[in-house]
Amino acid sequence: MSKNFAETGYIILKKAISNKLINEIKNEIYSFLKINGKSEKNKYQKFCKLVEKIKIKEFDFTEPIFEILLYKGLIKNFFLEKKFINSVAHLLGRDLAFCSDGGITLNLPKKASPKKNYLFKDWHQEIWSGASPSTVQIWSPLIFEDINSGQMEIMEESHKWGHIPHMDRKPIQLPKKYKTKKLKLDYGDVIIFSTLLMHRSLPTTKPRLSLPVLIKNFKDRNHIFQDNRSFKIYSYSEMTKLERILGNEMLSPYRLKNVEEESKTIFEPKDII
């Protein structure tokens with residue numbers, strides 16, 4: 001897998017998130033938005049009518065949705081799904097944290113341009129926003145019409161080009177020839193990709209909520225500007241678990257032991273002369 005990621009700049013995990021958890025997330029979103037319905041299709045139709053009439057910025061609309069999912073532990077559960085965490089750990093190790101700044105995007109059909117919707121982005125790299133090259137980005141659809149409604153497009157092997165010259169969130173220099181790939185992810189599918197990989201939002205035919213989040217190894221010190229953002233730890237390696245058991249920088253002995261009861265071989269200060 002690591003060789004595949006190094007060569008392609010991304011991996012796509014099919015059915016990485018269980019249907020049960022995906023349904024819990026969708027139901028929580030609908031409940032928060034006070035949307036009821038007899039069927040999934042009916043709920044989605046009501047969702048479309050609601051978001052097409054919102055007067056606030058898309059970020060202001062999605063931020064409390066992310067916060068409630070975070071509070072209910074559903075975001076953490078998403079990242080702890082077995083297939084997902086094993087894949088991320090294979091790339092970064094087990095000391096993992098995800099960016100807890102508002103991590104849900106809303107794309108609307110009538111705002112399919114960066115000028116109308118900040119969350120609809122042209123070709124870009126995540127490092128432009130300060131993400132570390134040693135961090136990965138994930139993207140997964142949460143509420144949408146179908147896999148053909150327009151999702152995300154990636155520029156094949158662009159992660160090997162380094163930092164692309166850019167201005168005003170747009171590339172000002174690209175190779176003359178390059179290949180692209182349009183994603184068609186279903187519920188439970190996730191793409192994990194390099195922060196150097198060029199990608200962009202595709203126009204969508206119907207409103208869509210998706211989950212784009214940065215994940216890092218919190219022991220890695222090469223985070224640069226990224227450390228200005230908030231991250232929440234959700235996984236520990238065995239070595240870090242040991243450090244937490246020991247409890248402090250000096251790794252004090254017998255920290256959790258009642259040595260007077262458990263051992264009579266401990267020297268008293270007067271014995272060390």
Side-chain angles (χ1 to χ4, degrees), residues 16-81 84 96-112 114 116-121 126 129 131 137-147 149-152 183 185-192 199 201-215 229-234:
I17 312 302
S18 68
N19 290 332
K20 179 182 178 182
L21 181 55
I22 288 295
N23 288 332
E24 286 181 12
I25 291 173
K26 289 196 292 184
N27 289 335
E28 190 63 47
I29 294 174
Y30 286 138
S31 176
F32 177 78
L33 297 175
K34 296 180 172 57
I35 292 176
N36 298 311
K38 297 181 180 180
S39 66
E40 178 67 27
K41 183 177 181 180
N42 181 244
K43 290 180 182 178
Y44 179 73
Q45 289 173 343
K46 292 182 178 180
F47 168 77
C48 291
K49 292 180 181 180
L50 173 66
V51 298
E52 288 172 352
K53 295 179 180 180
I54 61 173
K55 303 298 183 181
I56 59 178
K57 294 180 179 179
E58 286 78 5
F59 178 81
D60 293 331
F61 176 80
T62 59
E63 184 178 29
I65 296 175
F66 183 81
E67 290 297 327
I68 192 67
L69 296 180
L70 192 65
Y71 173 75
K72 292 292 184 71
L74 295 176
I75 297 296
K76 181 178 179 180
N77 290 344
F78 185 103
F79 294 130
L80 286 173
E81 287 282 270
F84 179 85
L96 300 171
F98 63 87
C99 186
S100 56
D101 295 345
I104 289 182
T105 58
L106 170 66
N107 289 121
L108 301 173
K110 296 180 181 179
K111 294 187 176 183
K116 293 182 178 181
N117 181 359
Y118 176 82
L119 298 176
F120 184 97
K121 297 184 179 181
E126 292 303 317
S129 300
Q137 173 92 359
I138 73 102
W139 187 91
S140 184
L142 294 182
I143 293 180
F144 66 110
E145 183 184 33
D146 60 58
I147 61 176
S149 64
Q151 296 188 1
M152 191 172 77
L183 299 185
L185 303 187
D186 207 341
Y187 286 119
D189 297 344
V190 184
I191 181 173
I192 304 170
H199 58 287
S201 307
L202 289 172
T204 178
T205 57
K206 290 289 184 67
R208 178 184 68 236
L209 281 181
S210 54
L211 183 69
V213 177
L214 290 171
I215 298 180
R229 304 182 68 178
S230 299
F231 280 79
K232 183 176 179 61
I233 294 173
Y234 74 97

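Side-chain atoms are counted along with the backbone in the values below, which use heavy atoms only and exclude waters and symmetry mates.
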Are [X] and [Y] packed together at the side-chain level, in the sense that at least one heavy-atom pair is separated by less than 4.5 angstrom?
X      : Y      : value
Leu202 : Leu183 : no
Trp139 : His199 : no
Leu106 : Ile54  : yes
Thr205 : Pro109 : no
Tyr30  : Lys46  : no
Phe79  : Leu96  : no
Leu70  : Lys232 : yes
Ile65  : Leu33  : yes

Could you give the distance from [atom1] ([X]) to [atom2] ([Y]), rounded to the nearest 0.5 Å?
X     : Y      : atom1 : atom2 : value
Gln45 : Leu50  : CD    : CG    : 14.0 Å
Thr62 : Lys57  : OG1   : NZ    : 12.5 Å
Ile25 : Asn77  : CD1   : CG    : 8.0 Å
Phe66 : Leu209 : CZ    : CG    : 12.5 Å
Ile35 : Ile143 : CD1   : CD1   : 7.5 Å
Tyr71 : Lys76  : OH    : NZ    : 14.5 Å

Determine the minimum heavy-atom distance between [X] and [Y], stating which atoms define it.
X      : Y      : value
Asp186 : Pro141 : O-CG, 3.8 Å
Thr105 : Ser210 : OG1-OG, 2.7 Å
Pro64  : Phe32  : CB-CZ, 3.6 Å
Ile191 : Met152 : CG2-CE, 4.1 Å
Gly37  : Lys43  : O-CE, 3.6 Å
Cys99  : Val213 : O-CG1, 3.6 Å

*Taking only residues two or more places apart in sequence, or in another chain, which ones meet Ser100 in a side chain to side chain donor-acceptor pair (under 3.5 Å)?*
none
*Specify whether Phe98 and Tyr234 have parallel, tilted or perpendicular ring planes, treating 30° as the upper limit for parallel and 60° as the lower limit for perpendicular.*
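The arrangement is tilted - the two ring planes meet at 30° to 60°.
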*asked:* Below 30° counts as parallel, above 60° as perpendicular, anything between as tilted: where do the rings of Phe144 and Tyr187 land?
replied: tilted
*asked:* side chain to side chain contact (heavy atoms under 4.5 Å, CB included) for Arg229 and Leu214? Distances and angles first, verdict last.
replied: CA-CA 10 Å; Arg229 304 182 68 178; Leu214 290 171; 3.5 Å; yes
*Which residue pairs pass the salt bridge (charged side-chain N to carboxylate O under 4.0 Å, His left out) test when at least one of the two sits in residues 18-37, sequence neighbours left out?*
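Qualifying pairs: Lys26-Glu40, Glu28-Lys72.
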*Neighbour count above 12 (heavy atom, 6.0 Å) for Asp146 CG*: yes
